[in-house]
Amino acid sequence: MKTMIYAHRGASKLAPENTMPAYQIASESGADGLEIDVQLTKDSIPVLIHDENVRRTTNGTGFVQDYTYDEIKQLDAGSWFSSKFSDCSIITLDYFLRWFKDLPLLLNVELKTNVIEYKRIERIVYDSLKHYQLLDRTVISSFNITSIKKMKIINPSVSTAFLTSTKRRHLPGYAHSHGASSLHIKYRMLDKKIVKQCHKNHMPLRIYTVNRPSWMEKCFKMGCDAIFTDVPHEAVEYRELYKKKQEK
Ligand code: G3P
Ligand code: MG
């Protein structure tokens, strides 16, 4: 089986994470999919940004939820990474999906609800994905199991994933019983037992964030369904090399 490659926050080693240049580069890397992080502004507009606070990845301060979209779009979301990207701004989910819909790629929308439980984010994101007819190639993930449950209530056939970096007994069973159709785990948690449990429960297993070649190879070898990586170009190259090695 082929392990899928998702560009984590875009090609985030080469361009500022969760911005258009990062996704444009990733879309040309040979990766199979893109991962985005979504939070809500004060006026309930879903925007692409990893942290609840804008400090790390923009020239602003304060929380995403305290900015209206008109205010947050004025921030410079690229200079922190390199002066080459000083014209980057925070984009809306709608803007991203309009660009994404014509690409032959998979999508992972991560709802950033583990710190702030944004009101109605599940419904808002679901409606956008439906509007752009993207539900059949999107997996919606969250570290917050309540978000997964809410998504399943909105539409039981939507593909969801429970995200975790914490070991627990019968993790696939736990995730499944809360409505998750797949599991996204931190690379350090990967072992034979979890792969076996996922296969037994018919749950796709995807691993984050896999940047080292040795870890990529481990994921390919263990039959993981996908990896999330900041270096999609490299992952595509290593997957090709791995395949050639197997064919010998
Ligand atoms: O979805 C995989 C990964 O993005 C989860 O962690 O913190 O990079 O959003 P984080
Ligand atoms: Mg993420």
Side-chain angles (χ1 to χ4, degrees), residues 3-20 22-23 26 29 31-40 46-58 63-64 77 80-81 90-93 96-97 100 105-118 121-122 125 129 134 137-148 151 158-168 171-172 175 178 180-190 194 198 203-212 215-216 219 224-232 235:
T3 302
M4 295 288 127
I5 295 167
Y6 283 81
H8 179 243
R9 312 181 194 176
S12 54
K13 206 51 183 273
L14 299 176
E17 62 183 59
N18 279 295
T19 65
M20 277 320 290
Y23 291 113
S29 69
D32 308 284
L34 308 180
E35 188 251 6
I36 63 173
D37 296 305
V38 177
Q39 320 238 7
L40 284 192
V47 287
L48 273 55
I49 181 166
H50 179 272
D51 300 359
E52 292 71 28
N53 196 298
V54 299
R55 192 192 317 119
R56 182 177 62 88
T57 58
T58 75
F63 289 88
V64 174
W80 68 277
F81 187 88
I90 293 176
I91 54 168
T92 63
L93 176 65
F96 174 84
L97 296 181
F100 178 85
L105 293 174
L106 302 169
L107 179 62
N108 173 211
V109 179
E110 186 191 341
L111 302 176
K112 282 287 178 204
T113 45
N114 45 315
V115 178
I116 298 168
E117 295 203 23
Y118 295 104
I121 189 170
E122 297 81 9
V125 168
L129 291 168
L134 286 167
R137 51 184 168 117
T138 301
V139 54
I140 302 160
S141 62
S142 180
F143 284 102
N144 183 342
I145 200 82
T146 308
S147 273
I148 304 295
M151 245 337 149
V158 77
S159 171
T160 53
F162 178 52
L163 256 168
T164 188
S165 59
T166 317
K167 281 199 176 184
R168 66 155 73 219
L171 182 55
H178 287 81
S181 36
S182 49
L183 200 55
H184 292 183
I185 61 166
K186 198 174 172 82
Y187 70 92
R188 280 199 205 95
M189 290 172 66
L190 177 62
I194 201 155
C198 281
M203 279 190 112
L205 177 65
R206 307 184 183 94
I207 318 296
Y208 73 91
T209 306
V210 185
N211 290 337
R212 286 204 200 143
W215 274 94
M216 291 175 189
C219 293
C224 297
D225 293 272
I227 61 168
F228 299 95
T229 180
D230 299 336
V231 284

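Both ligands and their constituent atoms are indexed starting at 1 by order of listing. This is a predicted model, so every value here is computed, not measured.
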**Message:** To the nearest 0.5 Å, what is the distance between CD on E17 and CG on D37?
**Reply:**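 Result: 7.5 Å between the selected atoms.
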**Message:** Checking one value in my table: which N/O/S atom of E35 lies closest to the Mg ion (ligand 2)?
**Reply:**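 Closest to the Mg ion (ligand 2) among those atoms: OE2.
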**Request:** Check whether the side chains of E110 and S141 place a donor and an acceptor atom closer than 3.5 Å, and report yes or no.
**Result:**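 No donor-acceptor contact under 3.5 Å links the two side chains.
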**Request:** Test H50 against N18 for side chain to side chain donor-acceptor pair (under 3.5 Å), laying out the working first.
**Result:** CA-CA 7 Å; H50 179 272; N18 279 295; over 6 Å; no
**Prompt:** Pick one: which of F143, Y6, Y208, F228 meets ring-ring contact (aromatic ring centres under 6.0 Å, His included) with H184?
**Reply:**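 For H184, the ring-ring contact (aromatic ring centres under 6.0 Å, His included) check succeeds only for F228.
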Expected rows: ligand 1 N/O, protein N/O, dist below 3.5 Å:
unit_1: ligand 1; atom_1: 1 (O); unit_2: E35; atom_2: OE2; d: 3.0
unit_1: ligand 1; atom_1: 1 (O); unit_2: E110; atom_2: OE1; d: 3.4
unit_1: ligand 1; atom_1: 4 (O); unit_2: H8; atom_2: NE2; d: 2.9
unit_1: ligand 1; atom_1: 4 (O); unit_2: E35; atom_2: OE2; d: 2.6
unit_1: ligand 1; atom_1: 4 (O); unit_2: E110; atom_2: OE1; d: 3.1
unit_1: ligand 1; atom_1: 7 (O); unit_2: H50; atom_2: NE2; d: 2.7
unit_1: ligand 1; atom_1: 8 (O); unit_2: H8; atom_2: NE2; d: 2.7
unit_1: ligand 1; atom_1: 8 (O); unit_2: R9; atom_2: NH2; d: 2.7
unit_1: ligand 1; atom_1: 9 (O); unit_2: D37; atom_2: OD1; d: 3.3
unit_1: ligand 1; atom_1: 9 (O); unit_2: H50; atom_2: NE2; d: 3.2
unit_1: ligand 1; atom_1: 9 (O); unit_2: E110; atom_2: OE1; d: 2.7
unit_1: ligand 1; atom_1: 9 (O); unit_2: K112; atom_2: NZ; d: 2.8

Look only at the side chain of [X] and the backbone of [Y], and say whether a donor-acceptor pair between them is shorter than 3.5 Å.
{"X": "T229", "Y": "V210", "value": "yes"}
{"X": "Y23", "Y": "E35", "value": "yes"}
{"X": "S181", "Y": "T160", "value": "yes"}

**Asked** Which angle, to 10 degrees, forms at the Mg ion (ligand 2) with OD1 of D37 on one side and OE1 of E110 on the other?
**Response** 90°
